[in-house]
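Everything on this sheet refers to the single structure shown next.
For reference, positions follow the sequence shown, starting with 1. As a basis for the values below, the full set of heavy atoms in this structure was taken, side chains included, without hydrogen atoms, waters or symmetry mates.
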Amino acid sequence: MRYADGPEVAGEIQIDASPATVWALVTDIGLSARFSPELQRVAWLDGADAPVVGARFEGHNRNEHNGDWRTVSEVVELEPERSYAWAVIDAAERFGPFDPQRPMATWRFDLTPADGGTRLRHSGRIGPGRSGLLVAIERAPEREEAIMEYRTGTLRQGIEATLEGVRKLAEGE
């Protein structure tokens, strides 16, 4: 697995709740911080208070290898009760000039009515823009595969925790 390939990490879960119920949960930007082992907190930026295309929010993250860092994300897709996506951008230009067409990552939720409930898919695509992950690979190119395997594994854990958390909330557990 190579960074340049823009690998995607995804998970799906069946939820015994309507798409409207699931939608209300996944469009709450604070939701992932409740379940993710990495994302600690989030806040809307620039006066935004709800997801609309173009709205931005910040995320504060922490993990054992990178310590603490801040991200800025921009909502790039919003189709009520169907899809919600945001791009993680290098607004501080830590890794080079800002290019909104080349996010550090893109995350999304996709909802599909299924079996009297909702099939929820949560996914993240790494790259194509520069990020701390790419910097780590450039420092140790011979370890790219191991670095990518580790990173996609940690992202997968966060996705699975978030999906299970959404399911429990939506089903009233």
Side-chain angles (χ1 to χ4, degrees), residues 1 3-15 17-61 69-92 94-95 98-114 117-134 148 151-167 169-170:
M1 178 181 329
Y3 187 94
D5 296 333
E8 180 181 72
V9 180
E12 291 187 12
I13 196 166
Q14 178 67 29
I15 300 175
S18 70
T21 297
V22 175
W23 180 255
L25 292 168
V26 301
T27 55
D28 171 1
I29 62 167
L31 175 95
S32 292
R34 293 173 66 179
F35 305 110
S36 171
E38 189 169 283
L39 181 62
Q40 304 298 301
R41 68 185 190 281
V42 295
W44 289 107
L45 296 172
D46 308 320
D49 62 0
V52 294
V53 173
R56 290 186 175 192
F57 58 93
E58 66 180 354
H60 295 269
N61 301 276
W69 73 97
R70 176 183 177 262
T71 62
V72 174
S73 295
E74 183 173 316
V75 177
V76 294
E77 182 180 328
L78 191 71
E79 185 180 342
E81 298 183 21
R82 306 286 296 165
S83 61
Y84 170 45
W86 62 97
V88 182
I89 57 178
D90 185 14
R94 294 172 294 170
F95 307 110
F98 174 61
D99 181 353
Q101 300 303 311
R102 297 181 53 79
M104 294 190 296
T106 303
W107 289 90
R108 64 183 302 119
F109 284 106
D110 292 291
L111 293 74
T112 307
T118 305
R119 188 81 182 152
L120 178 63
R121 182 174 195 273
H122 184 26
S123 61
R125 179 169 303 280
I126 297 172
R130 290 185 58 74
S131 69
L133 181 59
L134 185 55
M148 290 301 297
R151 186 61 179 142
T152 57
T154 61
L155 294 175
R156 188 170 288 107
Q157 288 174 344
I159 286 170
E160 290 170 2
T162 299
L163 288 170
E164 183 59 20
V166 171
R167 185 195 64 74
L169 288 173

Side-chain contact test, heavy atoms from C-beta onward, threshold under 4.5 Å: evaluate it for Ile126 versus Leu155 and give yes or no. yes
Taking Ser36 for its side chain and Glu38 for its backbone only, find out whether a donor-acceptor pair lies under 3.5 Å. yes
Counting distance only, does the side-chain N/O of Arg119 pair as donor-acceptor with the main-chain N or O of Ala114 below 3.5 Å? no
Answer yes or no: is there a donor N or O on one side and an acceptor on the other, between the side chain of Thr162 and the main chain of Phe35, under 3.5 Å? no
Apply side-chain contact (heavy atoms from CB on, under 4.5 Å) to residues Ile13 and Ile15 and explain how you reach the verdict. CA-CA 6 Å; Ile13 196 166; Ile15 300 175; 3.8 Å; yes
Is there a donor-acceptor contact under 3.5 Å from the side chain of Arg102 to the main chain of Pro128? yes
Is the backbone of His60 close enough, under 3.5 Å, to the side chain of Arg41 for a donor and an acceptor to pair up by distance? no
Verify, without hydrogens or angle tests, whether His122 (side chain) and Arg108 (backbone) share a donor-acceptor contact under 3.5 angstrom. yes
With distance as the sole test, does Asp5 use its side chain to make a donor-acceptor pair with the main-chain N or O of Pro7 at under 3.5 Å? no
Identify, with sequence neighbours excluded, every residue that meets ring pair (Phe, Tyr, Trp, His ring centres under 6.0 Å) alongside Tyr84. Trp86
Roughly how far, to the nearest 0.5 Å, is the OG atom of Ser73 from the CE atom of Met104? 7.5 Å
All heavy atoms of Thr154 vs all of Arg151, minimum pair found to be OG1-O, 2.8 Å
